[in-house]
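Structure first, commentary second.
The figures that follow rest on heavy atoms only: side chains count, while hydrogens, waters and symmetry mates do not.
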Amino acid sequence: MRMVVEILAPGLVLEPWTGTATKFEAANFTDPKGHSVRGFRAQLTASVRGGSSDRLRDRAVVVAQALLDLLLRWPLAEPQISVTVDGKPIRRTHDISRLQTYEMGALLSGEPGLPRTQLSVGPQTPPRIELLWLRAMGLPDAELDRLLGPLAQVSVGAAAQHPFDRVAPLWSAMELLYPRPRGDLARIDAIVSSDATLAAVETARGRPVLAGLLRFRGRLASDPWLHEPVRRRLQSSSRSRADRVAMATVLAYAIRSEIVHGQWPRFRDDRRLEAGAAEGWLWQLVEREIEMRLAGQRLDVVRAVGAGTISI
């Protein structure tokens with residue numbers, strides 16, 4: 001069965017690129033008010049095993065959108081996604097009886113308006129998407145199913161426009177990737193010890209991210225709201241690279257807990273800095289896990305996002 005997923009992405013500008021299973025080309029979009037913005041059209045092709053076309057479509061769309069989100073990490077206007085199976089389009093309809101009231105506005109106005117941001121996409125991004133796409137769609141069903149939840153959480157995180165709203169789904173992705181440990185500190189230990197190369201590789205790749213997050217350690221270590229075992233971890237020494245990676249991950253978890261349990265209100269701009277630092281580290285951990293499970297190794301760093309402009 002041949003499946004093609006097409007993504008229309010306004011606001012993202014790239015140089016055309018064609019691979020063995022993907023094609024990226026420039027496109028222009030016009031909103032209902034006649035405003036124009038540049039973007040791209042991506043086609044991702046895969047040969048999939050027989051089964052329910054709905055199930056195959058859903059898997060492919062989750063993977064395709066998540067790989068774009070994993071690399072760009074940018075809140076997009078709602079991308080338009082279509083699927084073709086053996087040359088037959090799978091149509092998407094809107095049953096308005098299933099919509100929440102707040103969802104009606106976008107439909108009645110002719111879909112969401114085009115974004116005011118325009119972002120350039122680096123030339124290494126399409127080949128990286130193709131590589132991970134082919135590896136994902138070539139997995140046995142059971143292995144791909146175990147990745148769908150984390151990939152879905154990646155897209156939830158990328159869609160959010162406030163760092164508070166990104167930290168929680170990114171941590172949820174790590175929970176789904178490491179489901180067995182009892183308790184979050186045990187999960188952190190499992191993450192850090194999962195690969196002997198993790199500490200050296202991620203410390204080298206994420207020096208600015210690590211430094212930015214670790215400077216909040218003292219502030220959180222003295223927070224009486226955090227559970228005592230978490231505070232003890234934050235007060236322990238961090239001499240080695242493995243210690244620093246573990247400390248950063250405990251910090252990200254602590255920040256996520258403060259947000260999820262309502263200890264930090266959204267209006268506090270100073271807390272936004274801590275949430276942004278935790279988000280940066282969690283993106284790196286999630287990206288590592290996806291690459292390791294799809295490619296079997298950490299891939300070269302790709303700078304997916306280039307220059308950006310905002311129309312006022």
Which atom of [X] lies closest to which atom of [Y], heavy atoms considered:
X	Y	value
Val286	Ala173	CG2-CB, 4.2 Å
Gly276	Pro163	N-CB, 3.8 Å
Ala278	Ala252	CB-CA, 3.9 Å
Val5	Ala60	CG2-CB, 3.7 Å
Ser237	Arg239	OG-NH1, 3.3 Å
Ala275	Val167	O-CG2, 3.5 Å

Quick one: does [X]'s side chain get under 4.5 Å of [Y]'s, heavy atoms only?
X	Y	value
Leu139	Leu147	yes
Glu6	Ile81	no
Met247	Leu234	yes
Trp264	Glu274	yes
Asp184	Glu175	yes
Leu148	Val63	yes
Pro123	Trp17	no
Arg256	Met174	no

[X] with [Y], same ILVMFWY side-chain cluster at under 4.5 Å:
X	Y	result
Val62	Met1	yes
Leu67	Leu131	yes
Leu70	Val302	no
Val245	Tyr253	yes
Val156	Leu282	no

Is there a donor-acceptor contact under 3.5 Å from the side chain of [X] to the main chain of [Y]?
X	Y	answer
Glu130	Ala21	yes
Gln235	Ala221	yes
Arg38	Pro10	no
Trp133	Thr45	yes
Glu291	Leu299	yes
Arg271	Ile259	no

Would you give me the side-chain donor-acceptor pairs under 3.5 Å for residues 222-232, sequence neighbours excluded?
| residue | atom | partner | partner atom | Å |
| --- | --- | --- | --- | --- |
| Ser222 | OG | Gly218 | O | 3.3 |
| Ser222 | OG | Arg219 | O | 3.2 |
| Asp223 | OD1 | Trp225 | N | 2.9 |
| Glu228 | OE1 | Arg231 | NH1 | 3.3 |
| Glu228 | OE1 | Arg231 | NH2 | 2.9 |
| Arg231 | NE | Asp223 | O | 3.3 |
| Arg231 | NE | Leu226 | O | 3.1 |

May I ask you to decide whether [X] forms a salt bridge with [Y], counting only side-chain N to carboxylate O separations under 4.0 Å?
X	Y	result
Asp269	Arg272	yes
Arg135	Glu143	no
Asp145	Arg59	yes

> Looking only at side chains, do Asp69 and Ser155 share a donor and an acceptor under 3.5 Å apart?
Replying inline: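 Short answer, yes.
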>> Can you confirm whether the side chains of Thr197 and Arg298 place a donor and an acceptor under 3.5 Å from each other?
In response: no
How long is the span from the [atom1] atom in [X] to the [atom2] atom in [Y], to the nearest 0.5 Å?
X	Y	atom1	atom2	result
Arg233	Asp243	CZ	CG	10.5 Å
Leu71	Arg303	CG	CZ	13.5 Å
Thr125	Leu68	OG1	CG	8.5 Å
Arg41	Leu12	CZ	CG	13.5 Å
Leu170	Arg166	CG	CZ	7.5 Å
His162	Arg266	NE2	CZ	4.5 Å

> Do we get Arg293 above Tyr178's six-membered ring, with its NZ or CZ under 6.0 Å from the centre and within 45° of the axis?
Replying inline: yes
>> Out of the candidates Val48, Leu44, Leu132, Leu56, only one should pair with Met137 under the side-chain contact (heavy atoms from CB on, under 4.5 Å) rule; please name it.
In response: Val48
>> Using the rule side-chain contact (heavy atoms from CB on, under 4.5 Å), only one of Arg73, Glu202, Met292 pairs with Glu287; which is it?
In response: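 Result for side-chain contact (heavy atoms from CB on, under 4.5 Å) with Glu287: Arg73.
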>> Arg2 vs Val4, test: side chain to side chain contact (heavy atoms under 4.5 Å, CB included). Steps then yes/no.
In response: CA-CA 7 Å; Arg2 184 175 182 272; Val4 179; 3.4 Å; yes
>> side chain to side chain contact (heavy atoms under 4.5 Å, CB included), that's the test. Do Val201 and Asp195 meet it? Break it down for me.
In response: CA-CA 10 Å; Val201 171; Asp195 185 332; over 6 Å; no
> Would one find more than 12 heavy atoms of other residues, nucleotides or ligands at under 6.0 Å from atom CD of Glu15?
Replying inline: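 No, because the 6.0 Å sphere around CD of Glu15 holds 12 heavy atoms or fewer from other groups.
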>> Taking atom CZ as the centre, does Arg241 end up with more than 12 heavy-atom neighbours from other residues, nucleotides or ligands that are less than 6.0 angstrom away?
In response: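 No, because the 6.0 Å sphere around CZ of Arg241 holds 12 heavy atoms or fewer from other groups.
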> Stepwise, does the side chain to side chain contact (heavy atoms under 4.5 Å, CB included) test hold for Leu251 with Trp281?
Replying inline: CA-CA 10 Å; Leu251 278 165; Trp281 180 243; over 6 Å; no
> Are Phe216 and Leu273 close enough, and set up right, to give a side chain to side chain contact (heavy atoms under 4.5 Å, CB included), and what steps lead you there?
Replying inline: CA-CA 9 Å; Phe216 296 112; Leu273 294 176; 4.0 Å; yes
